[in-house]
Amino acid sequence: MDRLPHEKGFHVSWDQLHRDSRALAWRLQGQGDWRAVIAITRGGMAPAMIVARELDIRMVDTISVKSYDHQTQSEPRVIKFPDMDVMGDGEGVLIVDDLVDTGRTLEVVRAHLPKAHVATVYAKPKGRPMVDTYVTEVSQDTWIFFPWDMALQYVEPYRGA
């Protein structure tokens, strides 16, 4: 029996995202001399802010890669670059995202910043090789529901499948 995305979902609250993003910062502590953080927008913005705060990094920028139309993945493309004169080849730079799924987005980012350290809060098996540091792994067929994607509403009880 096929399941709907919410039936094999991993629901992340704001509190959980904050705790997991702090855990990511703790793992990154001492791994490098970080001079900047680049958030992959939009999902990486909240974790990147928390990591930058915890590691006292003041230089924060974004790279915007579009690879999804709602829940359909397409060919990733950069639609906004960080200040590449400042970021250079990525040496001393942390790239932060909420999730690595297939790794296709990170392939595009790594092509532009090959020496950067890539960190995600959550990782799926297919994309995990593209990440240097992560906190929690979930199965490839799990859909992660982030707090910015959810609203409070009634949900039918889960009765198994």
Side-chain angles (χ1 to χ4, degrees), residues 1-29 31 37-55 57 60-82 93-113 116-161:
M1 177 180 195
D2 289 338
R3 291 185 178 186
L4 296 172
H6 70 276
E7 292 175 318
K8 181 120 188 225
F10 183 69
H11 294 77
V12 178
S13 68
W14 284 110
D15 286 343
Q16 186 67 47
L17 181 72
H18 190 224
R19 279 191 300 272
D20 290 345
S21 296
R22 288 186 76 206
L24 182 61
W26 298 335
R27 288 188 181 176
L28 293 165
Q29 178 88 22
Q31 285 196 36
V37 171
I38 298 174
I40 298 180
T41 65
R42 293 169 309 211
M45 293 177 78
M49 178 218 31
I50 294 164
V51 167
R53 178 191 181 274
E54 293 298 322
L55 298 179
I57 301 168
V60 180
D61 205 339
T62 61
I63 187 168
S64 184
V65 180
K66 186 172 181 171
S67 60
Y68 275 93
D69 288 313
H70 188 53
Q71 291 182 355
T72 305
Q73 195 169 31
S74 59
E75 195 62 36
R77 60 186 170 88
V78 177
I79 57 176
K80 187 263 176 199
F81 282 96
V93 175
L94 281 173
I95 296 171
V96 178
D97 205 355
D98 55 352
L99 164 72
V100 61
D101 190 329
T102 63
R104 291 172 64 215
T105 295
L106 291 179
E107 283 181 52
V108 171
V109 173
R110 279 189 178 276
H112 296 287
L113 296 151
H117 186 100
V118 176
T120 63
V121 183
Y122 306 105
K124 293 184 178 183
K126 282 185 183 174
R128 195 180 60 229
M130 294 301 296
V131 179
D132 300 306
T133 305
Y134 67 93
V135 175
T136 301
E137 184 173 346
V138 298
S139 65
Q140 197 67 42
D141 62 343
T142 296
W143 187 267
I144 298 180
F145 290 91
F146 288 100
W148 48 84
D149 292 327
M150 295 186 288
L152 296 176
Q153 62 185 7
Y154 174 77
V155 176
E156 288 288 330
Y158 177 73
R159 293 182 173 88

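Sequential numbering from 1 along the given sequence is applied to the chain's residues.
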Which distance, rounded to the nearest 0.5 Å, do you find between the [atom1] of [X] and the [atom2] of [Y]?
{"X": "I63", "Y": "I95", "atom1": "CD1", "atom2": "CD1", "result": "7.0 Å"}
{"X": "S64", "Y": "R42", "atom1": "OG", "atom2": "CZ", "result": "8.0 Å"}
{"X": "W26", "Y": "L55", "atom1": "CH2", "atom2": "CG", "result": "11.5 Å"}
{"X": "I144", "Y": "D98", "atom1": "CD1", "atom2": "CG", "result": "7.5 Å"}
{"X": "T136", "Y": "L24", "atom1": "OG1", "atom2": "CG", "result": "9.5 Å"}

Hey, does [Y] have a side-chain heavy atom less than 4.5 Å from the side chain of [X]?
{"X": "I40", "Y": "V96", "result": "no"}
{"X": "V93", "Y": "I38", "result": "yes"}
{"X": "Y134", "Y": "V118", "result": "no"}
{"X": "V12", "Y": "P147", "result": "yes"}
{"X": "E75", "Y": "R104", "result": "yes"}
{"X": "F146", "Y": "V121", "result": "no"}
{"X": "V100", "Y": "Y122", "result": "no"}
{"X": "R128", "Y": "T120", "result": "no"}

Strictly distance-based, threshold 3.5 Å: is any side-chain N or O of [X] a donor or acceptor partner for the main-chain N or O of [Y]?
{"X": "D61", "Y": "P82", "result": "no"}
{"X": "T142", "Y": "V138", "result": "no"}
{"X": "R77", "Y": "V65", "result": "no"}
{"X": "K124", "Y": "D141", "result": "no"}
{"X": "R22", "Y": "E54", "result": "no"}
{"X": "Q31", "Y": "R27", "result": "yes"}

Identify the heavy atoms of [X] and [Y] that sit nearest to each other, and give their distance.
{"X": "V60", "Y": "A52", "answer": "CG2-CB, 3.8 Å"}
{"X": "P129", "Y": "P125", "answer": "CD-O, 3.5 Å"}
{"X": "G43", "Y": "P47", "answer": "O-CD, 3.3 Å"}
{"X": "W148", "Y": "A46", "answer": "CZ3-CB, 4.3 Å"}
{"X": "I79", "Y": "K66", "answer": "CD1-CB, 4.3 Å"}
{"X": "K8", "Y": "S139", "answer": "NZ-OG, 3.6 Å"}

**Item:** Over 12 non-hydrogen atoms of neighbours within 6.0 angstrom of CZ in R19
**Value:** yes
**Asked** So does M45 have more than 12 non-hydrogen atoms from other groups sitting under 6.0 Å from CE?
**Response** no
Can you confirm whether the side chains of [X] and [Y] place a donor and an acceptor under 3.5 Å from each other?
{"X": "D15", "Y": "S13", "result": "no"}
{"X": "T62", "Y": "K80", "result": "yes"}
{"X": "Q140", "Y": "D101", "result": "yes"}

**Asked** Is the H112 ring parallel, tilted or perpendicular to the F81 ring (thresholds 30°, 60°)?
**Response** perpendicular
